[in-house]
Protein chains: 2
Amino acid sequence: MHPELQLDNQICFRLYTAARLITQAYTPLLNQLGITYPQYLVMMVLWEQDAQPVNDIARRLVLETNTVTPLLQRMEKQGVLVRTRGKEDKRQQIVSLTEKGREMEERAFQLIPRGMGEELKACPLKLKDYLRLAEELDSIINSLKNK
Amino acid sequence: MHPELQLDNQICFRLYTAARLITQAYTPLLNQLGITYPQYLVMMVLWEQDAQPVNDIARRLVLETNTVTPLLQRMEKQGVLVRTRGKEDKRQQIVSLTEKGREMEERAFQLIPRGMGEELKACPLKLKDYLRLAEELDSIINSLKNK
DNA sequence: TTTTGTTAAATCGTTTGCGATATAAATATT
DNA sequence: AATATTTATATCGCAAACGATTTAACAAAA
């Protein structure tokens, strides 16, 4: 009836679906590392800069601490990171990689980019398309993030 | 270290973030209808074609029945739809809108498109960009869906 | 017809995501 | 200094997602 309410006209439904399917494509690869996709995001943040407080990680991932804290607790239990009280500010929990967490980076590098390339080899998009897609997504993200 | 493992180079992280933020933007609007975003997707499927078995709804949303079934159970409890056993095939649950569910369409039409336009008015993308974005997302979705 | 296999939903357990609230430490105010 | 406010995390409850398994009905094969 109302074309505005049809699923096929919804950008949001496509984003929602594409995000889920890509996450699913990551899953068999990440299983080999013993982590989930959101946990992989945390690992990338820490590989880039180790020893960060919870808040910085959450901000980087555009998530709230009530999502990140339990995630970090599970990851600490798995032994890929540790949380220690901040020295200057005792409210902070500083999150640092363990040896196991640091070692995972090289294995991820061997597995993930190659594996995801394989998963997406049926996709007709070229590098240029992905770059433009990234920009378009960034402009959506930025206009919604600061509200 | 490895640029392939940097968050800023991840299309997937952008999809994941954009999908979450857009869903969050829908939330205050959908609250006025008393439903969540995934429930809204189910409503759109049923507004387009009423009285469908669970499987058809799941397929349309690219979800599994183990996600859709509890969703439908909650929606039935809220009184927007009913589930009845299929007549020819008694394994099927036929999902149909109630009067309350049908009435919601017009309110959604008044609220959602206008409200989301408002939410995204800071976004510089034009209609043409959204159309291309939709195509790009479709090609990602299609290459991952059939696996 | 009995057996075997397939299909449609549902159930179970775990991880996310998030609104709301709580706790404790740091900072600002009086 | 004592009080009030802000900030950093954590906790709680609920709704999604999803892999794995179960149940019941249908279909195909022996």
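Numbered from 1 within each chain, the chains take letters A, B, ... in sequence-line order.
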Quiz item: So what does A:Arg74 hit on the nucleic acid, given a heavy-atom distance under 4.0 Å: a base, only sugar-phosphate, or nothing?
Solution: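 Base: the residue A:Arg74, judged by heavy atoms under 4.0 Å, touches a nucleobase.
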Quiz prompt | Point-to-point distance, once rounded to the nearest 0.5 Å, from CG of A:Leu111 to CE of A:Met104 | solution =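 Separation between the atoms: 10.5 Å.
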Quiz item: If you measure from CG on B:Asn142 to SG on A:Cys123, what distance do you get to the nearest 0.5 Å?
Solution: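 Those atoms lie 9.0 Å apart.
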Distance in angstrom units between [X] [atom1] and [N] [atom2], rounded:
X       : N      : atom1 : atom2 : result
A:Arg20 : C:dG17 : CZ    : P     : 13 Å
B:Lys90 : D:dA27 : NZ    : P     : 12 Å
B:Leu63 : C:dA10 : CG    : C1'   : 16 Å
B:Arg85 : D:dT23 : CZ    : P     : 15 Å
A:Gln73 : C:dT16 : CD    : P     : 12 Å
B:Glu64 : C:dT7  : CD    : P     : 14 Å
A:Ile22 : D:dA17 : CD1   : C1'   : 17 Å
B:Leu71 : C:dT11 : CG    : C1'   : 16 Å

N/O donor-acceptor pairs under 3.5 Å from side chains in residues 34-47 of chain B, not counting sequence neighbours:
| from | atom 1 | to | atom 2 | distance (Å) |
| --- | --- | --- | --- | --- |
| B:Thr36 | OG1 | B:Gln39 | N | 3.3 |
| B:Tyr37 | OH | A:Phe13 | N | 3.3 |
| B:Gln39 | OE1 | B:Thr36 | N | 3.2 |
| B:Trp47 | NE1 | B:Gly101 | O | 3.0 |

Quiz item: Considering only heavy atoms, which members of residues 23-38 of chain B lie under 4.0 Å from some atom of DNA chain D?
Solution: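 Heavy-atom contacts with DNA chain D come from B:Thr36, B:Pro38.
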Under 3.5 Å between N/O atoms: give me all the protein pairs with nucleotides 20-23 of chain C, atom names plus distance.
| from | atom 1 | to | atom 2 | distance (Å) |
| --- | --- | --- | --- | --- |
| C:dA20 | N6 | A:Asn66 | ND2 | 3.1 |

Heavy-atom check, side chain of [X] versus side chain of [Y], under 4.5 Å:
X       : Y        : answer
B:Arg60 : B:Gln49  : no
A:Leu21 : B:Ile140 : no
A:Ile94 : A:Arg85  : no
A:Ile11 : B:Leu133 : yes
B:Pro28 : B:Glu119 : yes
A:Asn31 : A:Tyr26  : no
A:Gln6  : A:Asn9   : yes
B:Asp56 : B:Val95  : no

Quiz item: Between B:Tyr16 and C:dT16, is there a side-chain N or O to OP1/OP2 distance below 4.0 Å?
Solution: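 Negative; the distance criterion is not met.
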Quiz item: When you check the phosphate oxygens OP1 and OP2 of D:dA10, does a side-chain N or O of A:Thr69 lie under 4.0 Å from one of them?
Solution: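 The answer is yes; a side-chain N or O of A:Thr69 sits under 4.0 Å from OP1 or OP2.
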Exercise. Using the closest heavy atom to pick a nucleotide of DNA chain C for each, name whichever of A:Lys87 or A:Gln39 lands nearer the 5' end.
Key: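 Closest to the 5' end, via its nearest nucleotide, is A:Gln39.
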Taking N or O atoms only and anything under 3.5 Å, show me the protein contacts with nucleotides 3-8 of chain D, one pair per line.
| from | atom 1 | to | atom 2 | distance (Å) |
| --- | --- | --- | --- | --- |
| D:dT7 | O2 | A:Arg91 | NH1 | 2.6 |
| D:dA8 | OP2 | A:Asn55 | ND2 | 3.3 |
| D:dA8 | O5' | A:Asn55 | ND2 | 3.4 |

Practice problem: Please list, by residue number, the residues of residues 44-52 of chain B whose heavy atoms come closer than 4.0 Å to an atom of DNA chain C; answer none if no residue qualifies. | Solution: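 Output list: empty, so none.
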Quiz prompt | Sidechain N-carboxylate O distance under 4.0 Å for B:Glu118, B:Lys121 | solution =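 Yes, this pair counts.
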Quiz item: Would you find a donor on one side and an acceptor on the other, under 3.5 Å apart, between the side chain of B:Gln10 and the backbone of B:Glu4?
Solution: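 Flag set: sc B:Gln10 to bb B:Glu4 pair under 3.5 Å.
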Self-check item: Nearest-nucleotide 5' precedence on DNA chain D, A:Leu21 against A:Ile94
Solution: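 Closer to the 5' end of DNA chain D: A:Ile94.
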Self-check item: Residue pairs passing the side chain to side chain donor-acceptor pair (under 3.5 Å) test where at least one lies in residues 98-112 of chain A, sequence neighbours excluded
Solution: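 Every side chain to side chain donor-acceptor pair (under 3.5 Å) pair that includes a residue of residues 98-112 of chain A, provided the two are not neighbours, is A:Glu99-A:Arg102, A:Glu106-A:Gln110, A:Glu106-B:His2.
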